[in-house]
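What follows is a short report on a single structure.
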Amino acid sequence: MMYSQRILNTPSSFIRNILKVTSAEDVISFAGGLPNPISFPINALQETINKAIEAHGPKMFQYSTTEGYLPLRQYIADKYNNNFGLTIEPEDILITTGSQQALEMISQVLINKGEGIVVEEPGYLGALQAFSLTEPTFYPVELSEEGLNVEQLAQTLQNNPTIKFIYTVPNFQNPTGTTYTAENREAIYEVVKNYDVVLIEDDPYGELRWNGEKLPYIGAGRLENSVLLGSFSKIVTPGFRIGYMITKNKELLSHVNTAKQATDLHTNIFSQIVIHEYLTNNDLITHISKITDLYHTQASAMLEAIEKYFPKTVKYTKPDGGMFIWVTLEEGLSALDLFHKAMEEKVAFVPGDPFYTNKSNVNTLRLNYTNSSPEIIEEGIKRLGKILYEVTAKELV
Ligand code: PMP
C-alpha cells in the first residue's frame, strides 16, 4: 500500500507511545498530561444528564448545527466579555471537538503545502502534529521565561512572506508552564499588527491560575486576524471533547465552518447541552478553585523537591498555574538518555525532543505534577536527582 506523504511525514504522538511503557503500576509517572480526575464533577454531571434529557428529549440525540449549540456559544461569549472586556457575540464562536480540532482545521483552511507557520520553541506537540497534516514549513521562535523572543519573531515574519499564522499558548504553556508577561504580549502585538497573518492564542489552561493576576490577551479584541481557542477539557472534562474557536474574522470562521462540515458535521450535541446545563446551574468558580488548590500543592511539592534533590546546574520553570514544569539540564546532557536511566529506576517524564520541530537529543524535559500525591512527587524527584548527580559526575570526569 502506498500511503500519502502527508501522513508519512506526520509524527505519531511520542507521548502516547511512551505512555505505554510509563503507565505500569509501579512507575512514578510525570510523563502524562492528564487533568486530575478531581476536575471531573461526576455527581453534578450525572444529575445534569438526567435533568437535561427530561428537559430536551430527542434534541439531545438528533443531528445538530455545525456552528454549535447557541446557548453554549452565548455562555462562552458572556464569559469572555465579562472577564476580559471583549465584545464577542455567539456568531463569532464555533464549537469544536476539543480545541485540538480547531488547530487541525485552521491549518487545513490556511496552509498550502510548504507555507509557513510560526510555532513556539518548544511548543505543544499536539499542535505540531495537527499542523503537520497540511505539510507546512515550521518557523520556530524561541520561548523564554518572559514569552516569545520578539526580535526573532519580527525577523522571521519579515523574512518569510509565506507565513500564514502564528501559534501561541500564552498562559501556562504546554510544555513549559510559562506565561507570557504583559510587556511581551504588548511587544508581540506591536509586531504582528503590521503583518497579514493570523495570531492563534490557544488557552486551555488560563483559568488554572493559583498565583498572580490574569493578563489581557495579545490579539483578542484588537487584531483583525485574532483567533482565540478555548476548551472545557481542563476545567470540566476532556472526555466530552468540547472546545471552541473565537474570531471576529467572519470569512475565516466561515471557511473553518466548511472544514468542520466536511470533517464531522458538528460537535457532539449531547455533550454540548449537558455541559451548558452544568455550567449554568453550578458554581464553576468554586469547582475551579478546588482544582487549582490541588495543582498548587502538587506544583509546590515538585518545586521544593527539585530544589532539594537536583544538582544546582539544573534550571527549571516555576509556573503560576497549569500542569507542567520544564527542566533544562546542563548543556550536552541528553534528556532521552536520562529517560532510559530513569525508567530503570521506575520514574518517567517526557524528554524534550517531540516539542521541537527540528532538534533531537535535547537537554530539556517536561514534568507533569497533576496526577501524583506530594509524597510520590518527592520520591520520584529524589530518584531523578540521584541519577542526575550520577550522570553529571560522569560528564565531568
Ligand atoms: N492546546 C494545548 C496547549 C493543549 O495542551 C491541549 C491538550 N493537551 C489541547 C490544545 C487540546 O485540548 P482539547 O482538544 O482537549 O481541548
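Counting starts at 1 for both ligands and their atoms, in listed order.
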>> What's the separation between atom CD in Glu120 and atom OG1 in Thr168, rounded to the nearest 0.5 Å?
In response: 6.0 Å
> Just checking, is any N or O donor in the side chain of Thr364 or Thr328 under 3.5 Å from an acceptor N or O on the other one?
Replying inline: no
>> On a heavy-atom basis, I'd like to know which of Thr97, Asp202, Thr237 is closest to atom 1 (N) of ligand 1.
In response: Asp202
> Can you find a non-hydrogen atom of Arg241 under 4.0 Å from ligand 1?
Replying inline: yes
>> Between ligand 1 and Gly243, can you find any atom pair, the residue atom being a heavy atom, that is separated by under 4.0 Å?
In response: no
>> Working note: Thr267 + Lys260, criterion side chain to side chain donor-acceptor pair (under 3.5 Å); need CA distance, chi angles, decisive distance, verdict.
In response: CA-CA 9 Å; Thr267 299; Lys260 181 154 175 75; 2.9 Å; yes
> Are Arg366 and Asn174 close enough that a side-chain donor and a side-chain acceptor fall under 3.5 Å?
Replying inline: yes
>> At less than 4.0 angstrom from any non-hydrogen atom of Asn174, what atoms of ligand 1 do you find?
In response: 5 (O)
>> Are the side chains of Met60 and Val274 in contact, using a 4.5 Å heavy-atom criterion?
In response: yes
>> For atom 11 (C) of ligand 1, what's the nearest protein heavy-atom neighbour? Residue, atom name and distance, please.
In response: Ser99 OG, 3.6 Å
>> If the cut-off is 4.0 Å to any non-hydrogen atom of Ser233, which atoms of ligand 1 fall inside it?
In response: 13 (P), 15 (O), 16 (O)
> Closer than 4.0 angstrom: is that true for some heavy atom of Gly126 and an atom of ligand 1?
Replying inline: no
>> Would you say the ring centers of Phe172 and Phe324 fall short of 6.0 Å from each other?
In response: no
>> Can you tell me how the ring of Tyr244 sits relative to the ring of Phe232, calling it parallel under 30°, perpendicular over 60° and tilted otherwise?
In response: tilted
> Can you find a non-hydrogen atom of Lys234 under 4.0 Å from ligand 1?
Replying inline: yes
> Going by the atom numbers of ligand 1, which of them fall below 4.0 Å from some non-hydrogen atom of Ser231?
Replying inline: 13 (P), 16 (O)
>> Checking a contact table here: which protein heavy atom is nearest atom 9 (C) of ligand 1, and how many Å away?
In response: Tyr124 OH, 3.5 Å
>> Can a side-chain donor-acceptor contact be found between Thr247 and Asn249 if the only test is distance below 3.5 angstrom?
In response: no
>> Could you identify the single nearest non-hydrogen protein atom to atom 5 (O) of ligand 1 and state the distance to 0.1 Å?
In response: Tyr205 OH, 2.5 Å
